[in-house]
Number of protein chains: 2
Amino acid sequence: MKGADVTRNEDAFSPSDAVLAALRKIIRSIELNSRSLVKRVGLTGPQLIILKEVSRMNGSSIGEVARTISLSQATVTGIVERLEKRNLLLRRRSDVDRRKVMVEITQEGETLVRDAPPLMQEAFVDRFSRLPEWEQSMVLSALQLLVQLMDAKSLSESSGLMEEDGDIPVVL
Amino acid sequence: MKGADVTRNEDAFSPSDAVLAALRKIIRSIELNSRSLVKRVGLTGPQLIILKEVSRMNGSSIGEVARTISLSQATVTGIVERLEKRNLLLRRRSDVDRRKVMVEITQEGETLVRDAPPLMQEAFVDRFSRLPEWEQSMVLSALQLLVQLMDAKSLSESSGLMEEDGDIPVVL
DNA sequence: CTATATAGTTTGAGTTCTAAATAAAGTCAA
DNA sequence: TTGACTTTATTTAGAACTCAAACTATATAG
């Protein structure tokens with residue numbers, strides 16, 4: 001019998017669903033933070049992250065930057081392009097390896113970084129640093145555990161259990 | 001003298017930097033999983049999330065869905081539009097309040113949801129569920145703490161914590 | 001009936017990914 | 001050495017997602 005009431009509330013809420021829900025909120029927070037940065041600094045979160053990274057390791061290649069901050073090269077290329085248009089940094093092919101494109105920060109970019117807009121979540125950093133140490137450790141451990149669980153795909157996993165369609169590219 | 005030392009490895013790596021780095025990796029993982037979903041199911045992560053949500057609470061409004069999954073209405077509108085084009089769900093204005101748009105899943109959508117893989121990587125769900133309970137709890141607690149710290153924008157100021165839908169179904 | 005509030009949609013800007021196209025270097029063999 | 005292949009890095013093109021702000025339509029006051 002299909003009940004008259006519409007509310008199909010699901011009590012069954014698995015722990016991993018809760019994890020996903022929490023992650024979603026966190027991701028959204030970061031997103032919103034980025035938006036607010038645009039108003040305060042004129043740069044989005046990713047742009048500022050890259051600019052800071054370039055400032056720290058001046059003269060590194062696009063690929064290095066991408067690896068450092070966990071973004072694809074294509075993504076970094078796009079952001080760097082926008083930053084270059086604003087004269088915050090400039091690109092130049094490497095002398096030693098002409099395949100590489102080195103990125104250097106400009107005076108203007110350096111100034112902007114120095115006036116150091118509160119890095120993305122400076123407010124968060126502040127609160128976080130005030131937590132008792134055990135709590136900081138717990139959070140960090142939990143996150144790293146998650147990273148492992150998600151990453152693991154490429155680490156282990158060699159079982160021969162999966163037949164199904166042979167369309168499983170798996171690992172490499 | 002400039003060349004010489006290249007490796008400017010980050011010695012100064014504060015806990016909160018590590019947190020951000022880990023989050024970035026997690027976000028990327030989720031992003032990549034979404035891409036792989038497209039190939040396997042034909043839907044992206046967000047699309048599948050919404051479709052599942054609609055399946056669970058059939059006949060809810062766009063706004064309700066948006067709130068439930070922590071996305072803006074505008075975003076949900078766009079995704080729902082794409083899903084409607086694929087005949088996986090359909091929109092209909094509410095009879096009681098013509099401002100509202102109710103979303104209903106179609107037979108086709110229901111079928112797809114039934115056959116769809118979990119939102120997170122299957123392997124992740126699997127591994128996570130195998131963790132000892134205390135570890136699952138720790139991860140969840142840590143994430144919820146992060147949510148608070150990031151959200152804190154609203155509770156740091158005034159002690160009174162507003163509504164903001166205290167919808168945290170802890171479990172465990 | 002006007003004024004305000006709410007629900008959804010549209011628009012504009014930015015980020016993100018993959019896949020395919022380029023380009024430069026490195027490797028290997030004749 | 002030279003030519004063919006392979007590897008590595010960057011760029012381009014295309015599709016989604018994301019949000020805020022502006023806009024439309026409806027609802028609820030006063």
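Protein chains get the first letters and strands the later ones, always in sequence-line order, with residue 1 at the start of each.
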With respect to the side chain of [X], which nucleotide from [options] is positioned closest?
X: B:L71; options: D:dA16, D:dC19, D:dT11; result: D:dC19
X: A:E31; options: C:dT9, C:dT16, D:dT18; result: D:dT18
X: B:A74; options: D:dT18, D:dT11, C:dT10; result: C:dT10
X: B:Q73; options: C:dA7, C:dG14, C:dT16; result: C:dA7
X: A:R82; options: C:dG14, D:dC19, D:dT18; result: C:dG14

_Could you report the tightest heavy-atom contact between B:N33 and B:R40, atom names first, then the distance?_
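Residues B:N33 and B:R40, closest heavy atoms: OD1-NH2, 3.7 Å.
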
_Nearest non-hydrogen partners of B:F128 and B:Q136, listed with the distance_ = O-NE2, 3.1 Å

*For A:S61, report the nucleic acid contact type (base, sugar-phosphate, nothing); a contact means any heavy atom under 4.0 Å.*
sugar-phosphate

*asked:* Categorize A:T44 for me: base, sugar-phosphate, or nothing, with a 4.0 angstrom heavy-atom threshold over every strand shown.
replied: sugar-phosphate

In whole Å, what is the span from the [atom1] atom of [X] to the [atom2] atom of [N]?
X: A:I49; N: C:dG14; atom1: CD1; atom2: C1'; value: 14 Å
X: A:R24; N: D:dC19; atom1: CZ; atom2: P; value: 9 Å
X: A:L32; N: C:dA13; atom1: CG; atom2: P; value: 20 Å
X: A:E81; N: D:dA13; atom1: CD; atom2: P; value: 11 Å
X: A:K85; N: C:dG14; atom1: NZ; atom2: C1'; value: 12 Å
X: B:R91; N: C:dA7; atom1: CZ; atom2: C1'; value: 13 Å
X: A:E84; N: D:dT10; atom1: CD; atom2: P; value: 14 Å
X: B:I27; N: C:dT16; atom1: CD1; atom2: P; value: 9 Å

*A:K39 side chain near D:dA21 phosphate (N/O to OP1/OP2, under 4.0 Å)*: yes

*asked:* Please tell me if B:S72 has a side-chain N or O lying less than 4.0 Å from either OP1 or OP2 of D:dT18.
replied: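 So the side-chain polar atoms of B:S72 never come under 4.0 Å of the phosphate oxygens OP1 or OP2 of D:dT18.
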
*Closest-nucleotide ordering on DNA chain C, the 5'-leading residue of A:R35 and B:V101*: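 Its nearest nucleotide lies further toward 5', so the answer is B:V101.
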
*Start with the C-alpha distance between A:E104 and A:R91, add both sets of side-chain angles, then the distance that settles side-chain contact (heavy atoms from CB on, under 4.5 Å), and finish with yes or no.*
CA-CA 6 Å; A:E104 294 167 22; A:R91 283 181 282 190; over 6 Å; no

*asked:* Quick check: any donor-acceptor pair below 3.5 Å linking the side-chain of A:R28 to the base of D:dT18?
replied: no

*asked:* For the residue pair B:R98 / B:S94, report whether a side-chain donor-acceptor contact shorter than 3.5 Å exists.
replied: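 Absent: no donor and acceptor within the cut-off.
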
*Would you call A:R56 and A:E53 a salt bridge, using N to O less than 4.0 angstrom?*
yes

*asked:* Taking B:E31 first and then B:R35, would you say they form a salt bridge - that is, a charged N and a carboxylate O separated by under 4.0 Å?
replied: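 Yes, this pair counts.
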
_If you assign each of B:S70 and A:R67 to its closest nucleotide in DNA chain D, which residue comes earlier from the 5' end?_
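On the 5' side of the pair lies A:R67.
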
Table of protein N/O atoms under 3.5 Å from nucleotides 23-30 of chain D N/O atoms:
| residue | atom | partner | partner atom | Å |
| --- | --- | --- | --- | --- |
| D:dA27 | OP1 | B:R98 | N | 3.1 |

_Would the distance check show the side chain of B:S70 and the main-chain N or O of A:K25 forming a donor-acceptor pair, the cut-off being under 3.5 Å?_
no

_Rounded at 0.5 Å granularity, tell me how far CG in A:N87 sits from CD1 in A:I105._
12.0 Å

